[in-house]
Amino acid sequence: MSLLNDLNPAQRKAVLETEGSLLVFAGAGSGKTRVLTYRIAYLIQEKGVSPRNIFAVTFTNKAANEMRERVEHLLGSSARGIWISTFHSACARILRGHIDRLGFGKNFVIYDEDDQERHLKTVMKELDLDFKMFHPRAMQSRIDRLKNEGMMPEQYKPSPFNIFEKRLALVYQKYQEDLRRNNGVDFGDLLLFVTLLFRKFPDVLGSYQNLCRYVMVDEFQDTNLIQYQLIRHLVEGHRNVCVVGDDDQSIYRWRGAEVGNILNFERDFPGTKVVTLEQNYRSTQHILEAANHVVKKNRFRKEKALWTENPEGELLTLYVAEDEEDEARFVVRKISNDILSNPEESNRAYRHIAIFYRINAQSRALEEELVKHQIPYTIVGGLKFYERKEIKDILAYLKLIANPSDGISLKRIINQPPRGIGEKTMERIAVFSKEKGLPLYEGMREALKEDWLPSGSKERIGGFVRLIEEFSEEAKTLSLSQLTLTLLARTGYLERLKEEGTDEALSRVENIDELVNVLTELEQGEDQVSLETFLEKVSLVTDVDLYVDKENRVSLMTLHCAKGLEFPVVFIVGMEEGLLPHYRKGEEAEDLEEERRLCYVGITRAKKKLYLSRAEERSTFGVGRANLPSRFLDELPYELMQMEERERRRDSLFSQETHWLDDFNQSGNEMDFPMQESRFSEKQDIVISPDGFYPLRTGMRVRHPQFGDGRVKSIEGMNENQKATIVFRTEGPKRLKVRYANLEILE
DNA sequence: AATCGTAGTGTTTTT
DNA sequence: CACTACGATT
């Protein structure tokens, strides 16, 4: 059969072992996704398994989509009905169907980290806890951890001598109670509640066990305790479970991932067959050898070594920079001089290049340099669309409409835009609601019937309630995008932003615009999008999911984000003690090993060429600090490395930065010439291109419809987000979003 | 109630 | 250095 011809012996074995439990150790670049997809295809095509009985779980939507696409490619329409999903969306779907058994409404909302924190803070405030003594963040992470361990509040037994734990128990209890009152769940609850459901209601569990006859788990090394429990529940009985993972790529221990799950799998599932995929199809020999050398130093790992038939390839390049700016210059120099103008690699493009770093803060220096040289880039992760204030506000309106019990969203928008309903009014209503045992919104409506509210407040609250009632009514007939537009208009949210008129406000308007676009697009694609479905989707997207590599740009991301991706050319910057093994309080051997794995993940993303760099001095907090070379550099075999010489610094006289005062004077002088008028009209037909780069340069003279003439002092960002600081003759310096500024280039 | 200014504080990684 | 949380101000 042709399917099997595309596979090497180990891969083939992993596909053919369909019954019982199978553990696949899949080294980086060893064709893991190929095995999973072929296995699914094999089950359906050769074993006659119904697609409906196959369940595959991944960690990101991107991985899930990719898998679905590839299976569809193999099978065509007979792939229909396979359940391929992330842990979180699978759980959300299960809860959508059965959460009423746990005392929640099926229209529950999902709270993200930000909502979670707000909620936690109100809970802590009500318990009269001092934030300085008990950090909300610490509480939050402990609660998350408890949930990852499958621990409900009533099961948690704090040590009687530990004040923090005693308070934690209290907070956790109340936190959960109030979440329920809001008919909301947080991320951790999604998983926790499904295991609870399975444990308490055998009929529910049974129906899913029956459905999921063949279960596959991707990135198994990243599962935490509760996810593992979930899988075990699901495969009880038939035990057809295939888990794929690589202990060397476990980088989420801090988030509760248990490498133990993969290492103990054989113990928990007696009779497990084990397949190890060691042939790498991705990287050159040199890169692979380097990776093997580094990860070999870890003690807590299953012994294995990747090999490849690929060519030797180039040596790894190491550059020791003066500081982070010099490091950024090195990266950019390599990109423009070596990589893109190398005739041997004539098809190299920006999209083939990625830059990895340990922490997001490192991106800044790189971005600045990339912008300076007009190299297009995207940042994967970082500022997330659905976490922006304005987007979250609009979503909060929608959430409240979908689920009127959602007090967290209600509090968020009650005064957004400002309607004169202040904190103390809301506090009174909160107390009142709690006394009556009502959700906040209900309490608000009840309060209107009584007369303890000041008439002014009552008036305004009445107005708000009426507004929401109208929206709820309209939600029944309008499409999602129409509803959103109505909402934007009638709350005056957009109007207020536009009035504000600052560039920040304008960029918010643009983001909201974008949101409406997303909605409209969604409506055109699928037959019907319900409010709940949409909100759920939004709650569960991740940055990597939104990452589209279609455009020709250099990719910047953290090492964590890089997992699962590959690029012909990879830079790993900041190879320094303290940064790449990142120092934190309480260093443990396990932590160091995780850092090493992180480094390993980074190295193994590279297909053809790997550049490493470190800076002798790096400013953190604005203070320079000398860093020692990363110990991981020492772990690389010397023969594989080649040093990059430092370039002699050119005179900084030619730097693009000019003082704005100079611009001011310059432009001031020139504008005194009367002949300008004609010069302007000649150039009037210059249109700034709507996509790609806006052809602005520092030093250019431009005209703005309101502010008049000015000179470009500096430019930041790219494309639609590009901002420029322009020194106007009459208005002085202003920072504008180029896309909206409607600039005319004079010269 | 809303806005403005300041002091203190903190940077890992995120489903 | 950059952000935010809080306090003082109108």
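All heavy atoms count here, side chains included; hydrogens, waters and symmetry mates do not. To find a chain, count down the sequence lines: A is the first, B the second, and so on, and within it residues start at 1.
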A/Asp218 CG to B/dT15 C1': how many Å, rounded? 14 Å
Phosphate oxygens OP1/OP2 of B/dT9: is one of them under 4.0 Å from a side-chain N or O of A/Arg137? no
Taking any heavy-atom pair under 4.0 Å as a contact, classify A/Thr425: base, sugar-phosphate, or nothing. sugar-phosphate
State whether the distance check finds a donor on one side and an acceptor on the other, under 3.5 Å, for side chain A/His560 versus base B/dT14. no
Between B/dT15, B/dT3, C/dA5, which one does the side chain of A/Arg496 approach most closely? B/dT3
Give A/Asn415 one of three labels, base, sugar-phosphate or nothing, depending on what nucleic acid heavy atoms sit under 4.0 Å from its own. sugar-phosphate
Please state how far atom CD1 in A/Ile379 lies from atom P in B/dT14, giving the value in whole angstrom units. 12 Å
Both A/Pro418 and A/Leu598 contact DNA chain B. Taking the nearest nucleotide for each, which residue is further toward the 5' end? A/Pro418
Listed nucleotide nearest any side-chain atom of A/Lys424, set B/dA1, B/dG10, B/dT15: B/dA1
By nearest-heavy-atom nucleotide on DNA chain B, the more 5' of A/Thr558 and A/Gly420 is A/Gly420
Does A/Thr223 have a side-chain nitrogen or oxygen under 4.0 Å from the phosphate oxygens OP1 or OP2 of B/dT15? no
Looking only at side-chain N and O atoms, does A/Arg419 come under 4.0 Å of OP1 or OP2 in B/dA1? no
Hey, is the side chain of A/Asn360 poking within less than 4.0 Å of OP1 or OP2 on B/dT13, counting only N and O atoms? yes
Starting at atom CG of A/Asp222, determine the distance to atom C1' of B/dT13, rounded to an integer number of angstrom. 12 Å
Which of A/Glu576, A/Glu577, A/Glu325 passes salt bridge (charged side-chain N to carboxylate O under 4.0 Å, His left out) with A/Arg618? It is A/Glu576
Sidechain N-carboxylate O distance under 4.0 Å for A/Arg625, A/Glu617: no
Taking CZ in A/Arg96 as the centre, count heavy atoms belonging to other residues, nucleotides or ligands within less than 6.0 Å. Is the count above 12? yes
Which whole-number value in Å describes the distance from A/Gln416 CD to B/dT3 C1'? 14 Å
Please state the P separation for the pair B/dT11 and C/dC6 - nearest whole angstrom. 15 Å
Using centres under 5.5 Å plus planes under 30 degrees as the test, is A/Trp254 stacked with B/dT13? yes
Roughly how many Å is it from CD1 in A/Ile421 to P in B/dA1, rounded to a whole number? 10 Å
Please determine whether a side-chain nitrogen or oxygen atom of A/Asn148 lies at a distance below 4.0 Å from atom OP1 or OP2 of B/dT15. no
Please give, in whole Å, the distance from B/dT14 P to A/Arg145 CZ? 19 Å
What orientation do A/Phe193 and A/Phe104 show, parallel under 30°, tilted 30 to 60°, or perpendicular over 60°? tilted
Which part of the nucleic acid, if any, lies within contact of A/Arg118, taking any heavy atom under 4.0 Å across all strands shown: a base, the sugar-phosphate backbone alone, or nothing? nothing
Euclidean distance for C1', B/dT13 against C/dT4 (whole angstrom): 22 Å
May I have the distance from A/Asp144 (atom CG) to B/dT14 (atom C1'), rounded to whole angstrom? 10 Å
Does A/Arg118 come within less than 4.0 Å of A/Asp114, counting only side-chain N to carboxylate O? yes
Rounded distance in Å - CZ (A/Arg255) to P (B/dT13): 13 Å
Could you tell me how the ring of A/His560 sits relative to the ring of A/Trp254: parallel (under 30°), tilted (30 to 60°) or perpendicular (over 60°)? perpendicular
The nucleotide from C/dC1, B/dT11, B/dT15 with an atom nearest the side chain of A/Arg364 is C/dC1
